[in-house]
Q: 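Would you mind keeping the following structure in view while I ask a few things?
Just so we're clear, the structure is a prediction, and the values are computed from it rather than from any experiment. Letters go in sequence order (proteins before strands), and every chain restarts at 1. The figures here come from the full heavy-atom set of this structure, side chains too, leaving out hydrogens, waters and symmetry mates.
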There are 2 protein chains.
Amino acid sequence: MSLILHELVGDQGRCFSPFCWRSAMALAHKGLEWESRRTSFAGIAAIGGGQRMVPVLDHDGTLVGDSWAIAEHLEARFPERPSLFGGPAGRAYAVFMQNWTATQLHAPIFRMIAADLYERIDPVDRDYFRQSREQRLGRPLAEVQAERDAMLPAFRAGLEPMRMTLKSQPFLGGAQPTYSDYLPFGALQWARIMSPYRLLADDDPLHAWFGRCLELHGSFARNVPAYW
Amino acid sequence: MSLILHELVGDQGRCFSPFCWRSAMALAHKGLEWESRRTSFAGIAAIGGGQRMVPVLDHDGTLVGDSWAIAEHLEARFPERPSLFGGPAGRAYAVFMQNWTATQLHAPIFRMIAADLYERIDPVDRDYFRQSREQRLGRPLAEVQAERDAMLPAFRAGLEPMRMTLKSQPFLGGAQPTYSDYLPFGALQWARIMSPYRLLADDDPLHAWFGRCLELHGSFARNVPAYW
């Protein structure tokens with residue numbers, strides 16, 4: 001069996017995409033071995049199969065694009081291995097958590113590290129990145145990022161439901177991590193790899209949870225170049 | 001077997017507590033029959049057993065206080081009936097959803113209907129309610145409620161993760177409702193019973209989901225005096 005995960009890479013080999021981290025954690029959760037194959041934004045088309053985004057999982061020659069589809073693929077194909085979702089209600093949880101992560105983590109984090117991302121992506125991608133992201137934001141990346149100190153308190157406050165939950169259980173998935181953990185984890189790992197800006201206070205219970213996630217599956221997510 | 005649910009009642013027999021609605025929906029989900037016994041805030045102490053809040057479930061003489069404890073009690077005692085949580089990951093979902101509901105629904109809804117609540121609670125509770133709630137808010141109930149039109153857009157926007165989730169599945173629990181649905185349902189049912197103020201736009205997908213919840217279990221939650 002061959003499993004290849006096509007992932008986004010920045011300068012200095014930084015594997016930074018939050019969506020790719022979801023898939024890497026899912027593969028590790030299933031106890032699978034895989035080869036990481038790295039691409040710039042510019043190189044995605046060369047993966048083939050009409051893929052236009054990463055992650056893409058190549059499973060014995062079958063290409064599965066989109067992190068959610070990859071999670072469902074792994075859950076369906078490896079049912080005898082630890083469950084990613086924990087059944088239909090747990091799958092529904094992951095759907096909700098994916099949407100919560102999009103609004104409460106991805107959107108504000110992107111604004112807070114926009115210029116840091118630009119500096120650390122593959123140089124070949126910089127013009128594309130600046131143009132597409134500034135069009136989305138309607139303003140220069142640096143100007144948006146310059147407001148991050150003012151954004152930080154609301155960002156941290158917005159994570160309160162997660163913080164409250166982790167008071168009564170070690171993982172969002174309960175006693176053990178599930179894909180519902182890997183969704184916000186991917187967002188924070190993205191920031192940790194691409195920006196020195198500290199999104200979480202040291203004494204925040206979310207920081208302790210993030211540390212537990214970094215230690216999962218042989219600490220492979222901890223052992224990458226990162227700022228915090 | 002005897003199941004008695006002690007619930008909070010307002011004027012004109014309105015059973016309005018969002019926490020009591022969670023428990024009522026949980027009992028109905030399990031297909032159980034129960035007797036609803038109603039109390040004002042002032043009457044809670046008369047339930048006995050040192051109980052100071054409702055809901056309280058009296059199961060063959062054993063008192064279980066707190067809506068979460070009631071849900072766990074029902075799940076543990078009636079495992080052969082439809083699961084409330086859907087396994088450990090689904091239970092973890094409910095923990096998260098309870099915290100999300102507290103911050104995204106209960107807190108803003110309370111402010112938007114504070115004076116409406118005062119008008120419709122049992123007259124015997126009014127002084128207690130005004131005093132305790134104005135102390136918490138630091139301002140008169142009517143003054144806080146008067147800002148509701150300005151609060152409404154942010155309230156509706158804050159429900160976006162739930163709205164996105166219901167685009168791909170009929171219930172928060174997935175194909176079928178779970179306790180994760182009953183948590184935000186209880187909050188909206190509270191508002192529906194106690195205030196004419198329309199929290200959800202008619203064309204909001206959340207309105208359609210709320211309608212589906214009202215129809216569950218023989219539509220018993222729909223068939224109570226309410227404003228919308």
Side-chain angles (χ1 to χ4, degrees), chain A residues 26 29 66 68-69 71-72 75 82-108 154-184 187 205-206 209, chain B residues 26 29 66 68-69 71-72 75 82-108 154-184 187 205-206 209:
Chain A
H29 184 99
D66 179 72
W68 182 259
E72 296 221 282
E75 192 76 332
S83 174
L84 267 176
F85 297 131
R91 182 189 178 281
Y93 185 14
V95 173
F96 183 86
M97 190 55 68
Q98 179 164 271
N99 295 324
W100 186 80
T101 297
T103 59
Q104 297 299 317
L105 288 144
H106 281 237
F155 167 74
R156 290 179 174 175
L159 303 181
E160 190 60 16
M162 186 170 161
R163 196 174 287 116
M164 292 163 78
T165 300
L166 293 166
K167 279 183 188 161
S168 63
Q169 54 194 46
F171 291 102
L172 294 173
Q176 300 296 327
T178 65
Y179 197 67
S180 289
D181 288 273
Y182 304 146
L183 294 159
L206 296 185
W209 161 83
Chain B
H29 183 98
D66 179 70
W68 182 259
E72 296 221 281
E75 191 76 332
S83 174
L84 268 175
F85 297 132
R91 181 188 178 283
Y93 185 13
V95 172
F96 184 86
M97 190 56 66
Q98 179 165 271
N99 295 323
W100 187 79
T101 296
T103 59
Q104 297 299 315
L105 288 144
H106 281 237
F155 167 72
R156 290 179 175 177
L159 303 181
E160 189 60 16
M162 186 170 161
R163 195 174 287 117
M164 291 163 79
T165 300
L166 293 166
K167 280 183 186 161
S168 63
Q169 54 195 46
F171 292 101
L172 293 173
Q176 300 296 327
T178 66
Y179 197 67
S180 290
D181 288 273
Y182 305 145
L183 294 159
L206 295 185
W209 161 83

Q: Using heavy-atom distances under 4.5 Å, tell me whether A:M162 contacts chain B through its side chain, its backbone, both, or neither.
A: both
Q: Shorter than 4.5 Å, heavy atoms on both sides: which option in B:T103, B:T178, B:T101 has the most such pairs with chain A?
A: B:T103
Q: Output the distance between atom NZ (A:K167) and atom CG (B:N99), rounded to the nearest 0.5 Å.
A: 8.5 Å
Q: Check the angle between the aromatic planes of A:W100 and B:F96 and answer parallel, tilted or perpendicular using the 30° and 60° thresholds.
A: perpendicular
Q: Which atoms of A:R163 are under 4.5 Å from chain B, going by heavy atoms: the side chain, the backbone, both sets, or neither?
A: neither
Q: Given heavy-atom pairs under 4.5 angstrom as the criterion, report whether the side chain, backbone, both or neither of A:S168 touches chain B.
A: side chain
Q: Looking at chain B, which one of A:M97, A:Q176, A:R91 has the largest number of heavy-atom pairs inside 4.5 Å, strictly under?
A: A:M97
Q: Considering non-hydrogen atoms only, spot the tightest contact between B:G174 and A:A92 and give its length.
A: N-CB, 3.7 Å
Q: To check you understand the geometry: which heavy-atom pair defines the closest contact between A:G90 and B:A89, and what is its length?
A: CA-CB, 3.8 Å
Q: Is it the side chain or the backbone of B:F85 that comes within 4.5 Å of chain A heavy atoms, both, or neither?
A: backbone
Q: For B:S180, which atoms come within 4.5 Å of any heavy atom of chain A: side chain, backbone, both, or neither?
A: neither
